[in-house]
Amino acid sequence: MCFCSRSAFSDLVIRESSKKSMRLSRFFLPILRETPKEAEIVSHRLMLRAGMMRQEAAGIYAFLPLGFRVLQKICQIVREEQNRSGAIELLMPTIQSAELWRESGRYEAYGKEMLRIQDRHEREMLYGPTNEEMITEIFRAYVRSYKDVPLNLYHIQWKFRDEVRPRFGLMRGREFLMKDAYSFDLDQAGATHSYNKMFVAYLRTFARMGLKSIPMRAESGPIGGNLSHEFIILAQTGESEVFCHKDYLDMAVPAADTNFDDIAGLQGIVSKWTSQYAATSDMHDAAAFAKVPSDKQVSARGIEVGHIFYFGTKYSDPMKAVVATHDGKEAPVHMGSYGIGPSRLVAAIIEASHDDAGIIWPEPVAPFKVAILNLKQGASDTDAASEQLYRDLTMKGIEVLYHDLDERPGAKFAATDLIGIPYQVLVGPRGLAEGKVEVKKRADGSRENLSPAAALDLLSR
RNA sequence: CGGGGCAUAGCGCAGUCUGGUAGCGCGUCUGGUUUGGGACCAGAAGGUCGCAGGUUCGAAUCCUGCUGCCCCGACCA
């Protein structure tokens with residue numbers, strides 16, 4: 001992930017990015033030819049086949065190198081958009097003390113979904129399913145004045161929810177990576193603006209991953225509160241049924257230079273994005289949907305990839321997270337929390353973007369941008385051309401996977417299609433005879449015969 | 001948590017009904033021939049048949065208990 005322009009640091013940049021290219025012969029990519037039988041849905045099947053992950057227990061997965069690269073790409077986009085909106089990253093632990101949760105009253109309320117643990121001193125601990133309590137405790141320990149808000153703190157950390165029935169691979173795992181942000185404001189008006197910032201950041205985040213997300217009014221569940229939206233992406237294999245106005249599919253996503261401090265401006269964006277009908281089956285109102293012109297009605301399946309909540313003083317009240325107001329009195333802060341599941345997103349993106357041959361990664365989250373396929377490994381001309389291209393692309397800061405194994409072309413095509421690298425460069429004797437290599441786009445299968453220099457130029461755009 | 005199913009070589013499976021020396025395909029290793037959409041020939045390695053107990057001369061196979069995993073439903077980033 002390199003957004004830096006060539007600069008005085010280009011030398012460093014090249015050295016850094018060169019680590020991100022790989023020769024397949026030195027990589028760890030255990031591709032499976034057959035599908036493990038436990039995998040039912042497409043993303044699960046493809047992730048196992050592509051050597052991206054491995055199941056360690058029900059709902060618990062190890063990320064293998066290819067999957068980890070994608071996960072990191074996703075996290076980086078999430079992080080950049082959180083930061084852009086003004087949120088500040090920190091890192092809280094996975095293990096929490098039960099005491100905190102007794103204070104908020106959720107220790108009993110959360111039920112069996114929470115994994116409870118005892119340490120050697122028989123202290124009651126838990127593996128965090130979410131962090132409202134802990135962040136509230138951190139906030140109240142330091143913040144005393146209205147002057148210190150608004151504040152939005154987030155982290156990207158593993159969560160554990162002991163789901164009754166984990167399924168669909170990463171889509172509904174028990175252990176999952178979550179970006180959770182928590183906002184603190186003096187009053188409801190401030191909190192609404194904080195909510196709107198996250199709303200806009202989420203629209204941008206998912207769009208950057210090549211996804212069309214649609215915000216839908218949602219129930220707030222055990223997190224609590226009365227204002228909440230789920231961000232849903234449409235995918236044929238989605239787990240929930242959704243209904244929305246077709247206009248959402250073409251709505252312009254807020255630009256990178258959106259001013260997050262412009263209260264009215266953000267409200268305008270949010271109002272626009274909440275003006276049309278959009279609901280999951282839980283919240284579906286058939287009568288209201290019927291008023292949408294029939295050629296604008298979309299009824300499809302969707303995957304929840306983000307969820308935002310405003311819940312006022314639900315935690316700040318019992319946990320006494322208060323700040324001094326302008327007139328010297330104390331008031332509990334108004335809070336919101338905002339979640340994105342990066343590990344689920346890996347699967348969700350595959351659900352939204354694949355074909356019979358395998359995964360089709362949107363470029364911003366692809367584990368490598370380019371795959372070089374040496375179609376006759378061991379022949380001096382194809383070896384030399386492949387090596388040269390590998391070096392040149394890498395020096396340009398492009399992440400390349402060089403398929404340098406001694407396999408037949410067909411096997412290389414199949415493997416590369418499966419793992420979904422956006423661009424394949426085919427280096428074979430046939431093309432080289434005319435001084436050409438072939439650049440194939442995974443997404444649409446289009447091919448171009450180019451000189452190595454022209455290919456280099458095209459791919460480093 | 002209710003219902004259904006599965007567990008035999010790295011992966012996919014057969015064998016279980018009807019007990020008698022554990023098999024197939026793919027993958028892996030060695031050698032050779034190959035090389036533009038998952039090659040071919042020859043050879044080889046690899047399994048306490050999920051675990052524990054029982055029945056039997058003899059158990060992958062029959063019986064009992066346990067564990068793990070998957071699917072459907074109610075619940076959820």
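Chain identifiers are assigned alphabetically (A, B, ...) following the order of the sequence lines, protein sequences preceding nucleic acid strands; residue numbering begins at 1 within each chain.
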task = Measure from the ring center of A/F27 to the ring center of A/F368 and say whether it is less than 6.0 Å.
result = yes
query = Between B/rA14 and B/rG2, how far is it from one C1' atom to the other, in whole Å?
reply = 33 Å
P spacing across the pair B/rU28 / B/rC11, given as an integer number of angstrom = 15 Å
Could you tell me how far apart [X] ([atom1]) and [N] ([atom2]) are, to the nearest whole angstrom?
{"X": "A/E163", "N": "B/rA74", "atom1": "CD", "atom2": "P", "answer": "14 Å"}
{"X": "A/I156", "N": "B/rA77", "atom1": "CD1", "atom2": "C1'", "answer": "14 Å"}
{"X": "A/D162", "N": "B/rA77", "atom1": "CG", "atom2": "P", "answer": "15 Å"}

query = Can you list every pair that meets ring pair (Phe, Tyr, Trp, His ring centres under 6.0 Å) and has a residue in residues 30-81 of chain A, with sequence neighbours left out?
reply = A/H44-A/Y61
ask   = Quick one: is A/Q55 getting a side-chain N or O under 4.0 Å of the B/rC70 phosphate, OP1 or OP2?
value = yes
Protein N or O to nucleotides 1-4 of chain B N or O, pairs below 3.5 Å:
{"unit_1": "B/rC1", "atom_1": "OP1", "unit_2": "A/K112", "atom_2": "NZ", "d": "3.4"}

request  = Select one nucleotide: of B/rG12, B/rC70, B/rA77, the one nearest the side-chain heavy atoms of A/R344.
outcome  = B/rA77
key: Reading 5' to 3' through nucleotides 28-47 of chain B, protein heavy-atom contacts under 4.0 Å coded B for base, S for sugar-phosphate only, - for none   = ------BBBBBB--------
Side-chain donor/acceptor of A/S460 to backbone N/O of A/L456, under 3.5 Å = yes
